[in-house]
Amino acid sequence: MRKVAIAFVAAACWVMAAAALEGASLPAEGDRITVTLDVLLDRLAGADDQVRAQARQIIPRYGADAVPGLVKLLAREEAPVWRTAFICLRDIAHQPAPVTMDQRVAAPPRVAVQRALAGVFLENASEALVRRALDLMPQVWAEGDDPAPVVALLDRPELREAALRALNETATPMCLDAVARFAEDTSRDPVARREAAMALIGLSGWSEASARARRLLADPDPGVAAVGARLLAESGEPADWSALRSAAGSLPPDIPDSLRFEFWDACLRFVDRAARAGGQWELAMAWYRDILASAPDTVTASGAVMGLARFGDETAVPDLLAVLDRPDAEQLANPALSGLLALRGRAAGRAIVDRWEQLPEDFRAAIVEHWGTSGGDFEAEWANDRARNADRPVRRAAVRGMVKGSRTAAAECLAAYLDAFPDEPFDAWELPLRRYAAEMVWGDEAMKRAAALAALQLVRRSKDEETVFEAMRWLKAYPVPEALDVLKAEIRSGGLSGVPTDALAALAATMIRDGDRENGLALAREALAGASPENSGKILTALTAGGIAPELTELLGVIRSWQVLGPLPWQISAGFSGAFAEEPQIDFSAEVDGSGGKVTWKSVKETGPLGEVNLAGVLGMVEGAAAVAVCRIVVPDPAKAVLRCGSDDGIKVWVNGKAVFENDCDRGMAPDQDLIPVELNAGENRLTVVVTQRAGGWGFQARLTDEQGGPLQFSVVP
Amino acid sequence: MTDSGTAGHRISRRRFLATAGAGLFAILPNRGHAGQAARRIGPNDRVRVVVIGNGGMGTRHTEALCANPQCELVGLCDVAKGRSMPLLEKVKTWLGQPVPVYQDFREVLARPDVDAVFVVTPDHWHPLLTIMACQAGKDVYVEKPVCTTVEEGRAMVEAARRYGRVVQVGTQQRSIPVFQKAISLVRGGRIGQVTHATAWVGVNGWQVRQENYTDPPKGLDWNLWLGPAPWAPFSMERYMDWMGWHDYARGGQLTNWGIHLVDVLQWGIGQDRPLSVQALGGSYRGNAGQDNYETIEAVLEYAGVTATWEQRHSNTHGGKGYGIAFYGTDGALFVDRGSFVVETADGRREWVGEPEKSWAYPPHHDNFFECIRTRNRPAADIEQGFRSTSAVLLAGIALKTGGKLRWDGDREQFIGNAQADRLLRRAYRAPWHL
Ligand SMILES: NC(=O)c1ccc[n+]([C@@H]2O[C@H](COP(=O)([O-])OP(=O)(O)OC[C@H]3O[C@@H](n4cnc5c(N)ncnc54)[C@H](O)[C@@H]3O)[C@@H](O)[C@H]2O)c1
């Protein structure tokens with residue numbers, strides 16, 4: 001059933017492909033029947049490249065069934081044919097086992113490929129076919145598959161390299177065991193044994209690895225023994241150290257340097273592994289010191305220096321510095337510095353700082369740069385200190401490192417540095433600073449501020465239009481006081497749109513609070529003038545948080561004096577349709593029936609910075625009540641204006657006796673919740689407000705602006 | 001797959017075996033060894049460099065290095081004298097004097113006065129040359145892709161760290177302003193949260209061509225050219241078009257351009273280890289026997305981002321014949337070596353970078369020389385170059401295995417796929433070993 005289905009699908013694909021190929025001419029009906037696996041294999045082996053390409057796509061769909069035919073084609077002389085068969089076989093070897101829902105696990109198609117290739121190895125096939133089969137082996141042989149037929153090929157010199165490669169890449173324990181056995185067999189040609197031994201390198205996952213490595217290390221052939229050393233390096237087991245170390249230390253003097261180096265390189269690898277594994281750290285450090293003391297050359301010594309640094313702690317600092325006093329210091333200075341950079345941990349950092357003045361200046365510069373980039377807290381703090389206080393080269397390096405490391409303080413340090421050294425070319429800073437700003441802009445407030453300071457440097461100093469454009473965006477996203485001149489210029493040129501108004505207002509408020517009244521007020525004025533009506537509330541909140549200056553109150557049109565009457569009886573169910581359908585009667589001398597007894601008009605002159613009137617404070621805590629508030633506004637000329645009110649809870653407004661707005665709601669108060677367009681007559685206008693109280697807080701706020709939210713010229717008469 | 005089994009192969013291989021000899025030190029590991037680590041470069045010293053591999057890219061590097069006041073070219077090296085000798089002639093005009101020429105890089109590594117080497121060979125030599133140079137105490141600039149398998153790349157990083165060497169990778173985009181700017185926009189939120197990124201190039205043209213086996217030209221040490229790769233007979237097609245063979249480069253355009261572009265992609269999304277990878281492709285117009293599929297679509301999954309690698313005919317995505325695109329919640333950004341384009345709600349802006357000068361980009365060289373002095377990590381440090389290379393190598397593996405491969409980027413293994421894991425390493429031909 002399955003075969004038929006696949007054949008059908010394949011045939012259908014073929015038909016479509018053939019149709020595409022031949023353009024207009026439709027496939028003959030016969031194709032549907034005649035395109036079988038055999039036909040496809042013929043097509044794969046034929047002369048037409050395009051037809052082969054289509055067969056190649058379809059044949060792997062036959063899975064195991066296609067394997068015998070493909071293996072035959074793998075033996076063919078023509079490269080396009082055997083190569084295509086090779087790829088198809090590889091595809092098949094990687095196909096998953098068929099999925100069934102009854103938990104029966106069918107054999108994956110790989111098994112069929114494995115059996116067919118084992119046949120190739122056993123049946124004395126042509127050398128070419130054997131080589132191709134060897135190349136497939138690593139994708140095909142599973143743990144339990146016997147590599148013996150391939151191992152037998154090790155005795156054929158012309159195939160040994162290919163067979164070793166296949167066994168190495170297959171790397172099942174059986175494969176490796178066979179290779180090790182070959183390498184250990186002293187009756188064989190030493191060159192072949194060396195080749196075999198080298199095919200074991202890198203396969204440390206093998207449980208037998210250490211035992212075999214020990215045997216090879218003891219081999220009389222120096223080439224095999226060197227590989228043994230290298231294999232043993234991958235064990236890192238303390239018990240193996242003395243054998244490895246003494247092998248390295250007792251090499252005959254006539255051995256080539258490069259071979260001697262294999263042994264010492266193995267020692268370093270061994271200790272690296274031991275140090276990394278943990279649990280034997282002290283031993284590892286002692287071993288590095290031993291290598292450093294007895295290394296035959298400065299490269300090996302470099303490895304020991306780096307080991308002490310990479311895996312060590314503050315106790316390594318004296319070792320690293322001591323190499324600078326050795327006769328071969330010139331060669332060891334690079335690893336010593338690299339080592340100082342690689343050391344980790346606060347105590348190590350402190351140990352370096354304790355010897356700071358002993359270090360050459362280029363070391364100091366390199367260290368602060370590195371610490372700025374990637375040091376821990378202690379190191380970063382030191383870099384920060386050097387970035388402000390050191391001599392120019394070290395200071396510059398520290399700032400660079402801090403910029404690279406996206407340190408919050410970097411932007412400030414850089415600004416100070418650039419100010420201190422006006423001859424410093426900016427070019428080299430430009431791109432690192434951009435990267436810095438881009439990374440910082442996502443962070444917390446302090447990081448955003450740093451991004452903005454970096455952006456400010458770019459705006460001020462970069463000559464690149466695109467850089468300035470982007471930097472301006474970042475600056476607008478977080479306007480900082482330092483950028484006032486730039487921002488004001490931007491505001492004047494109408495470029496305010498990208499600046500969050502609340503950020504701008506916060507900036508204005510901060511400036512006012514910090515004593516820069518004039519600029520702060522100017523900025524707030526410009527911000528308010530440019531802000532959309534919806535944003536003015538945000539601006540006000542920000543200004544309030546900053547502590548609004550009296551000058552601003554005027555600018556904002558805050559209404560600060562009212563006559564207030566209440567609490568008056570009011571029911572939720574009535575809303576503004578009952579007692580307050582019409583404007584209440586205004587008679588400041590009248591005594592009226594309130595919700596808790598007689599009430600009279602009170603004058604209110606104490607409001608919050610935005611004109612907030614706390615009715616609960618003025619009239620007492622009540623529930624289910626209303627209050628009336630009245631003031632008189634004088635304008636020189638008729639004006640269209642916007643009354644901006646906040647209230648807790650509902651609010652209704654009359655201007656000169658005419659109802660202009662009502663909002664019967666249950667809410668807490670925020671500035672400018674309702675924007676109410678009003679028309680004012682020249683001279684005096686009466687503003688009447690009713691504020692309802694359901695429960696909890698009770699109050700309102702009002703200010704009057706021009707239609708755009710900018711200042712309106714008016715006065716309030718008591 | 002390696003290529004073998006022709007009559008020509010058998011003949012030249014026998015010849016090779018006959019000359020290889022079997023003396024006491026034959027087929028011994030031999031790394032070339034100066035016996036001393038490179039000196040510390042003083043403030044007034046120039047870094048002494050040798051360029052290993054004097055083909056197309058090696059020539060570019062050499063020209064740029066001859067003009068760079070920070071360094072001094074002190075040698076050329078190529079297994080093919082036919083490559084180094086013409087370059088030497090140019091060097092004479094650039095420097096006004098000759099430099100020594102080597103055929104065997106081990107002689108370069110054995111020179112104690114050489115501070116750094118540029119590894120500009122075919123890819124299969126990058127790992128070992130880098131490792132051996134570190135083991136000879138030298139700093140290294142290695143061309144991309146840094147390795148052909150993940151295991152090699154990790155070994156390169158380890159060698160650099162073990163011997164305290166600076167290793168810069170030839171992913172020069174890291175030093176090119178247009179990319180630095182574009183990436184700062186992506187990272188700085190200009191297009192919002194990036195959830196998709198793609199890198200693309202035209203069709204994969206590197207193919208195994210019909211070979212004509214001959215004796216290697218005079219002056220070419222073919223055995224040394226092959227190095228750790230499987231032995232194969234010489235053909236000019238192989239020597240010139242090595243990028244078509246997986247023995248020397250694992251993926252043609254996928255690894256050639258792929259590493260450059262995926263490096264930028266990973267840089268932009270701030271991640272360097274995919275969670276999973278899957279890939280499809282084929283050579284639909286013929287050439288079915290190629291390991292390098294012409295048409296490829298690879299999907300790499302990262303935390304919060306899907307990324308694709310696309311190779312096809314007529315591939316001019318976003319008006320660019322190759323490039324990288326980032327797609328975010330607020331817009332898209334396209335970048336290549338010439339310019340970048342930002343498309344956001346407030347319009348489309350194109351910013352032109354510097355005109356592309358040389359792939360041997362002097363500021364990238366300068367960054368290397370500076371780090372040789374400061375021992376700080378260079379702009380394209382080997383770990384990063386390795387991680388970018390591995391992303392495309394993984395895509396190449398997925399093309400071979402099919403299916404979805406889950407990647408454990410910390411352990412550098414696939415999750416639950418031992419068969420695919422075997423493609424993460426390769427055997428080396430003795431006497432070469434990692
Ligand atoms: N960064 C870039 O933009 C960029 C651009 C082009 C190429 N590249 C990279 O540069 C490398 C070289 O590319 P290419 O186009 O110059 O190749 P190429 O084939 O033109 O040159 C390689 C040279 O290396 C020589 N060689 C091989 N093995 C050697 C060895 N062991 N020792 C010394 N020399 C050896 C060869 O003989 C050849 O001359 C590749 O890895 C490629 O990916 C990078």
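Treat the numbers as computed from the prediction; the structure is a model and nothing was measured. Just so it is clear: chains get the letters A, B, ... in the order the sequence lines come, proteins before strands, and each one is counted from 1.
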Considering only heavy atoms, which portion of Arg349(B) lies under 4.5 Å from any heavy atom of chain A: side chain, backbone, both, or neither?
side chain
So, Asn334(A) and Tyr163(B): side-chain donor and acceptor under 3.5 Å apart, yes or no?
no
Distance alone, cut at 3.5 Å: any donor-acceptor contact between the side chains of Asp328(A) and Gln36(B)?
no
Kindly confirm or rule out a cation-pi arrangement of Arg165(A) over Tyr428(B), judged by NZ or CZ under 6.0 Å from the six-membered ring centre and within 45° of its axis?
no
Are Arg434(A) and Leu185(B) close enough that some pair of their side-chain heavy atoms sits under 4.5 Å apart?
yes
Closest heavy-atom pair, Asn287(B) versus Asp49(A), reported as atoms and distance to 0.1 Å, is N-CG, 4.0 Å
Chain A contact via Ile372(B) - which portion, at a heavy-atom distance below 4.5 Å:
backbone
Looking only at heavy atoms, what is the nearest atom pair of Arg422(B) and Met137(A), with distance?
NH1-O, 4.4 Å
Relative to chain A, which of Gly189(B), Ser283(B), Pro43(B), Gly282(B) shows the most heavy atom pairs under 4.5 Å?
Gly189(B)
Tell me if a side-chain donor or acceptor on Gln419(B) pairs with a main-chain N or O of Ala93(A) at a distance below 3.5 Å.
yes
Test side-chain contact (heavy atoms from CB on, under 4.5 Å) on Arg310(A) and Arg162(B) and set out the steps.
CA-CA 8 Å; Arg310(A) 288 201 297 158; Arg162(B) 174 172 302 119; 4.1 Å; yes
Yes or no on side-chain contact (heavy atoms from CB on, under 4.5 Å) for Glu465(A) and Trp351(B), after CA distance, side-chain angles and deciding distance?
CA-CA 10 Å; Glu465(A) 185 200 346; Trp351(B) 299 97; 4.1 Å; yes
Looking at Gln180(B), Arg39(B), Lys181(B), which one has more heavy-atom pairs under 4.5 Å with chain A than the rest?
Lys181(B)
Beyond-backbone contact of His433(B) with Arg230(A), side-chain heavy atoms, under 4.5 angstrom:
yes
Quick check on the interface: out of Arg190(B), Gln210(B), Arg285(B), Arg377(B), who has the most heavy-atom pairs with chain A under 4.5 Å?
Arg190(B)
Is Arg40(B) close to Asp362(A) at the side-chain level, that is, under 4.5 Å between some pair of heavy atoms?
yes
Work out which heavy atom in Gly289(B) is nearest to a heavy atom in Arg83(A); give both atom names and the distance.
O-CB, 3.4 Å
Test side-chain contact (heavy atoms from CB on, under 4.5 Å) on Trp432(B) and Met198(A) and set out the steps.
CA-CA 8 Å; Trp432(B) 307 109; Met198(A) 276 183 251; over 6 Å; no
For Tyr293(B), which atoms come within 4.5 Å of any heavy atom of chain A: side chain, backbone, both, or neither?
side chain
Are Arg187(B) and Trp442(A) packed together at the side-chain level, in the sense that at least one heavy-atom pair is separated by less than 4.5 angstrom?
no
Proximity breakdown for Glu370(B) and chain A, heavy-atom pairs closer than 4.5 Å:
side chain
With a 4.5 angstrom heavy-atom cut-off, which part of Asp366(B) approaches chain A: side chain, backbone, both or neither?
neither
Quick one: which of His370(A), Gln139(A), Arg52(A) has the most heavy-atom pairs under 4.5 Å with chain B, could you say?
Gln139(A)
Can you see which heavy atom on Thr374(B) is nearest to which on Glu369(A), and at what distance?
CG2-OE1, 4.3 Å
What residue in Glu470(A), Arg56(A), Glu466(A) has the most heavy-atom pairs under 4.5 Å with chain B?
Glu466(A)
Contact origin within Thr401(B) toward chain A - heavy atom pairs under 4.5 Å:
both
Donor-acceptor check, side chain of Gln57(A) to backbone of Ala288(B), threshold 3.5 angstrom: yes or no?
no
Just by distance, no angles: are the side chains of Ser184(B) and Arg435(A) close enough, under 3.5 Å, to form a donor-acceptor pair?
no
Tell me which of these, Leu341(A), Val441(A), Leu340(A), has more heavy-atom pairs under 4.5 Å with chain B than the rest.
Leu341(A)
For a quick test of reading the model, state the closest non-hydrogen atom pair linking Tyr284(B) to Ala53(A) and the distance between them.
O-CB, 3.9 Å
Side-chain donor or acceptor of Arg425(B) paired with backbone N/O of Asn168(A) under 3.5 Å
yes
One option among His94(A), Gln331(A), Glu169(A) has the most heavy-atom pairs under 4.5 Å with chain B, and it is His94(A)
